[in-house]
Amino acid sequence: MSERTLAIIKPDAVAKHVIGDIIQRYEGAGLNPIAMKMVRLSKKSAEGFYAVHSERPFFNDLTTYMASGSVVLLVLEGENAIAKNRDLMGATDPKKADTGTIRAAHGASIEANAVHGSDAIETANFEIGYFFPEFE
Ligand code: ADP
Ligand code: MG
């Protein structure tokens with residue numbers, strides 16, 4: 001089934017100049033960008049995006065990090081886009097991510113792990129609408 005998912009190229013990956021490599025991986029896997037923008041998130045905007053994690057001990061560090069530099073926001077479309085992107089990303093902790101995944105290649109730490117990807121249809125809908133209200 002064709003789906004849409006939200007991806008973020010996080011500040012660590014932007015700083016490492018691997019935007020192009022990551023987008024090439026999406027396109028190579030059949031995840032077609034249908035919307036894209038580069039922005040610097042405010043701390044408030046990062047907090048709203050990660051509201052589901054607001055009770056986690058790492059929430060303040062995570063949202064500070066997400067607002068620490070530019071990010072690239074993308075809507076990706078393709079067959080099974082949500083699960084496919086999660087496979088392409090690899091595990092949250094880059095040390096545990098399978099070889100060949102984006103996080104294994106580019107992630108620096110469990111926090112600065114190169115990319116975000118929606119994890120379910122409901123979260124994809126919320127996340128796409130959060131950054132691309134015109135897609136709702
Ligand atoms: P994922 O991004 O793989 O879906 P989560 O939704 O669990 O992972 O966490 C959201 C983000 O919070 C992670 O991508 C990572 O940047 C950060 N994070 C997750 N777990 C930790 C942790 N234990 N310590 C610091 N940051 C974390
Ligand atoms: Mg998640």
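When a ligand or atom number is given, it counts from 1 through the structure's own listing order.
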Of all the non-hydrogen atoms in the protein, which one sits nearest to atom 15 (C) of ligand 1, and at what distance? I110 O, 3.2 Å
Only one of I8, I19, I22 passes side-chain contact (heavy atoms from CB on, under 4.5 Å) with V14; say which it is. I19
Would the distance check show the side chain of R103 and the main-chain N or O of M89 forming a donor-acceptor pair, the cut-off being under 3.5 Å? no
Residue selection (non-hydrogen contact nearest atom 4 (O) of ligand 1) among E111, H116, R56, R86: R86
Just checking, is any N or O donor in the side chain of H106 or D12 under 3.5 Å from an acceptor N or O on the other one? no
Would V39 and F126 show up in the same hydrophobic cluster when neighbours are defined by side-chain heavy atoms closer than 4.5 Å? yes
Counting only heavy atoms not in K96, do more than 12 sit closer than 6.0 Å to its NZ atom? no
With heavy atoms under 4.0 Å as the rule, classify the contact between L62 and ligand 1 as side chain, backbone, both or neither. side chain
Mind checking whether K10 contacts ligand 1 via backbone (N, CA, C, O), side chain (CB onward), both or neither, at a 4.0 Å heavy-atom cut-off? side chain
Give me the ring orientation class for H116 and F49: parallel if the planes are under 30° apart, tilted from 30 to 60°, perpendicular past 60°. perpendicular
Around atom 25 (C) of ligand 1, find the nearest protein heavy atom and jot down its residue, atom name and distance. F58 CB, 3.6 Å
N113 contact mode with ligand 1 (heavy-atom cut-off under 4.0 Å): side chain
Checking contacts here: is it the side chain or the backbone of H53 that comes within 4.0 Å of ligand 1, counting heavy atoms only? Could be both or neither. side chain
Of all protein heavy atoms, the one nearest atom 8 (O) of ligand 1 is T92 OG1, 3.3 Å
Taking non-hydrogen atoms only, is R103 closer than 4.0 angstrom to ligand 1 via side chain, backbone, both or neither? side chain
Heavy-atom neighbours of K95 NZ exceed 12 at 6.0 Å: no
